[in-house]
Protein chains: 2
Amino acid sequence: METKELFNSQGLRCTRQRLEVYEALAMSKRHPTAEELFRTVKTSQCVLSRATVYNTLETFCEHGLCRKLPSTEGGARYDADLSDHLHLTTISGDVHDVPSDLGIRLLKSLSAETIAEIEGRLGVSVKRVDIALHVDADF
Amino acid sequence: METKELFNSQGLRCTRQRLEVYEALAMSKRHPTAEELFRTVKTSQCVLSRATVYNTLETFCEHGLCRKLPSTEGGARYDADLSDHLHLTTISGDVHDVPSDLGIRLLKSLSAETIAEIEGRLGVSVKRVDIALHVDADF
DNA sequence: TTTCCTGCAAAAGCTTTGCAAGTAC
DNA sequence: GTACTTGCAAAGCTTTTGCAGGAAA
């Protein structure tokens with residue numbers, strides 16, 4: 001679906017700012033923070049304020065267009081990929097996507113081999129696993 | 001192990017503030033925020049500043065005495081229970097412990113029955129599940 | 001006595017809010 | 001034209017920092 005139709009289907013007006021923020025978010029594989037989105041979109045010849053980024057992201061979350069990811073430090077991160085997957089945060093704060101099957105195996109057996117597989121497949125350095133189920137919006 | 005011995009085993013000095021913060025955290029089943037711990041401990045005839053609470057909690061985390069839980073809103077939450085379990089956050093922001101086996105079943109099959117079981121066993125109202133694996137400290 | 005810890009106050013970082021001007025529909 | 005959206009600036013909340021005084025070992 002085109003982004004404009006996506007907004008319309010949710011009763012959201014299609015503004016330049018929303019389009020750019022949404023597309024920057026959907027394009028990114030880095031699960032960006034509000035600040036990162038602000039800097040990405042602002043430079044691309046679009047008038048934009050931080051307040052709008054925050055408002056926009058909250059609106060997107062409310063309408064199921066993206067998800068706010070829990071984090072322990074820095075600002076909140078956002079993900080427009082609502083498909084079935086988990087997230088893995090490295091010591092540096094980066095967030096990586098993890099296929100559900102791999103994540104579930106990790107949960108079932110945090111063996112050295114599983115960790116090695118995670119590290120190999122994602123190219124990250126795993127230091128500790130802190131697992132949480134977050135239940136915070138409509139089913 | 002007594003709390004004082006626990007501190008000593010980690011090379012930490014045993015101060016009034018640390019003892020009270022640690023025991024308030026260990027006693028609580030609510031996964032309190034720094035602010036909540038500050039208010040709990042401060043009222044119980046103990047001189048305490050917010051800065052000390054933050055310093056203390058970071059020190060505890062560094063020494064493996066507690067864990068910082070990722071969250072999407074409000075302040076970070078802390079848990080001194082390092083045993084094998086997962087967390088479930090409700091729409092109101094409360095964090096509940098979930099036995100690992102139940103959490104893994106949730107991950108494997110987010111069926112209506114599983115949700116109902118979660119709700120029944122924890123007495124909470126589940127609205128959405130947002131799942132993340134956080135890897136952010138030493139293994 | 002030495003080293004570590006605490007409190008205070010200030011600052012920094014992230015996010016929200018009120019309101020007037022502007023824009024989508 | 002109406003209702004929604006934006007930008008700005010200020011405020012709010014959480015967390016960190018520098019430093020001097022104080023306490024543990």
Side-chain angles (χ1 to χ4, degrees), chain A residues 2-22 24 31-39 41-63 65-66 68-78 93 95 136, chain B residues 2-22 24 31-63 65-66 68-78 93 136:
Chain A
E2 210 178 314
T3 306
K4 178 171 179 177
E5 298 171 45
L6 185 62
F7 289 169
N8 289 339
S9 73
Q10 291 294 323
L12 297 178
R13 290 193 175 168
C14 183
T15 68
R16 179 79 189 276
Q17 288 78 2
R18 283 183 179 168
L19 270 176
E20 300 249 5
V21 170
Y22 181 80
H31 310 85
T33 62
E35 180 64 25
E36 286 164 358
L37 286 168
F38 173 71
R39 282 202 289 264
V41 173
K42 175 112 183 183
T43 57
S44 67
Q45 63 253 305
C46 175
V47 178
L48 181 71
S49 71
R50 276 187 185 74
T52 296
V53 176
Y54 283 102
N55 289 339
T56 296
L57 289 170
E58 190 185 339
T59 302
F60 288 169
C61 287
E62 284 169 356
H63 288 82
L65 268 51
C66 76
K68 190 175 185 178
L69 308 182
S71 72
T72 52
E73 56 205 51
R77 292 181 169 275
Y78 296 84
V95 178
D136 51 20
Chain B
E2 210 179 313
T3 305
K4 178 170 179 175
E5 297 171 45
L6 186 62
F7 290 169
N8 289 340
S9 74
Q10 291 293 324
L12 298 177
R13 290 193 175 169
C14 184
T15 68
R16 179 77 189 278
Q17 287 79 2
R18 283 182 178 170
L19 270 176
E20 299 249 6
V21 169
Y22 181 80
H31 311 85
T33 62
E35 180 65 23
E36 285 164 0
L37 286 168
F38 172 71
R39 282 203 289 263
T40 302
V41 174
K42 176 113 183 185
T43 57
S44 67
Q45 63 252 306
C46 175
V47 178
L48 182 71
S49 72
R50 276 187 185 76
T52 297
V53 176
Y54 283 102
N55 290 338
T56 296
L57 289 170
E58 190 184 341
T59 302
F60 288 169
C61 286
E62 286 169 355
H63 288 81
L65 267 49
C66 76
K68 189 176 185 178
L69 308 182
S71 73
T72 53
E73 56 206 50
R77 292 181 170 275
Y78 296 84
D136 51 19

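Within every chain, numbering begins at 1; the chains are lettered A, B, ... in the order of the sequence lines, protein sequences first and strands thereafter. Note that this is a predicted model, so its numbers are computed, not measured.
If you measure from atom CD of B:E36 to atom C1' of D:dT15, you get 16 Å, rounded to the nearest angstrom. For the pair A:F7 CZ and C:dA24 P, the computed distance is 13 Å after rounding to whole Å. Separating the CD atom of A:E58 from the C1' atom of D:dT5 is a distance of 14 Å, rounded to the nearest angstrom. When rounded to the nearest whole Å, the span between CZ of A:F60 and P of C:dT15 equals 16 Å. In this structure, CD of B:E20 is placed 16 Å from P of D:dA23, rounded to the nearest angstrom. As rounded to whole Å, 13 Å separates atom P of D:dT15 from atom CD of B:E73. Across the protein-nucleic acid pair, B:L69 atom CG and D:dT14 atom P stand 16 Å apart, rounded to whole Å. In this entry the distance linking CG of B:L57 with C1' of C:dT6 reads 14 Å, nearest Å.
Taking CD from A:E35 and NZ from A:K42, the interatomic distance works out to 10.5 Å, rounded to the nearest 0.5 Å. Taking CG of B:L57 as the reference point, atom OH of B:Y78 lies at 5.0 Å (rounded to 0.5 Å).
Between the two ends of the helix from C:dT1-D:dA25 to C:dC25-D:dG1, each summarised by a five-pair axis, the helix axis turns through 40° (rounded to 10 degrees).
Nearest heavy atom pair, residue B:T33 against residue B:G75, reads CG2-O, 3.9 Å. Across A:S49 and A:F38, no two heavy atoms sit closer than the pair C-CE1, 3.6 Å.
For D:dA3, its base sits under 3.5 Å from the side chain of A:R13 at one donor and acceptor pair at least.
Comparing A:R18 and B:T15 by the nucleotide of DNA chain D whose heavy atom lies nearest to each, the residue mapping closer to the 5' end is A:R18.
Using a 4.5 Å cut-off on side-chain heavy atoms (C-beta onward), B:L6 and B:Q10 make no contact. Within the 4.5 Å cutoff, the side chain of A:L65 has heavy atoms near those of the A:F7 side chain. No side-chain heavy atom of A:L48 sits under 4.5 Å from any side-chain heavy atom of A:E20.
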Item to check | Evaluation steps, salt bridge (charged side-chain N to carboxylate O under 4.0 Å, His left out), between B:E73 and A:K68 | outcome: CA-CA 10 Å; B:E73 56 206 50; A:K68 190 175 185 178; 5.0 Å; no
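Candidate nucleotides D:dT6, D:dA25, C:dC5 were compared by shortest atom distance to the side chain of B:N8, and D:dA25 ranks first. Distances were taken from every side-chain heavy atom of A:Y54 (C-beta onward) to each of C:dT15, D:dT5, D:dT15; the shortest belongs to C:dT15.
Proximity of a side-chain donor or acceptor of A:Q17 to a complementary backbone N or O of A:V53 within less than 3.5 Å is not detected.
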Pick out the pairs of N or O atoms, protein on one side and nucleotides 7-13 of chain C on the other, that lie under 3.5 Å.
{"unit_1": "C:dG7", "atom_1": "OP1", "unit_2": "B:Q17", "atom_2": "NE2", "d": "3.3"}
{"unit_1": "C:dG7", "atom_1": "OP1", "unit_2": "B:V47", "atom_2": "O", "d": "2.7"}
{"unit_1": "C:dG7", "atom_1": "OP1", "unit_2": "B:L48", "atom_2": "N", "d": "3.0"}
{"unit_1": "C:dG7", "atom_1": "OP2", "unit_2": "B:S49", "atom_2": "N", "d": "3.0"}
{"unit_1": "C:dG7", "atom_1": "OP2", "unit_2": "B:S49", "atom_2": "OG", "d": "3.2"}
{"unit_1": "C:dG7", "atom_1": "OP2", "unit_2": "B:T52", "atom_2": "OG1", "d": "2.3"}

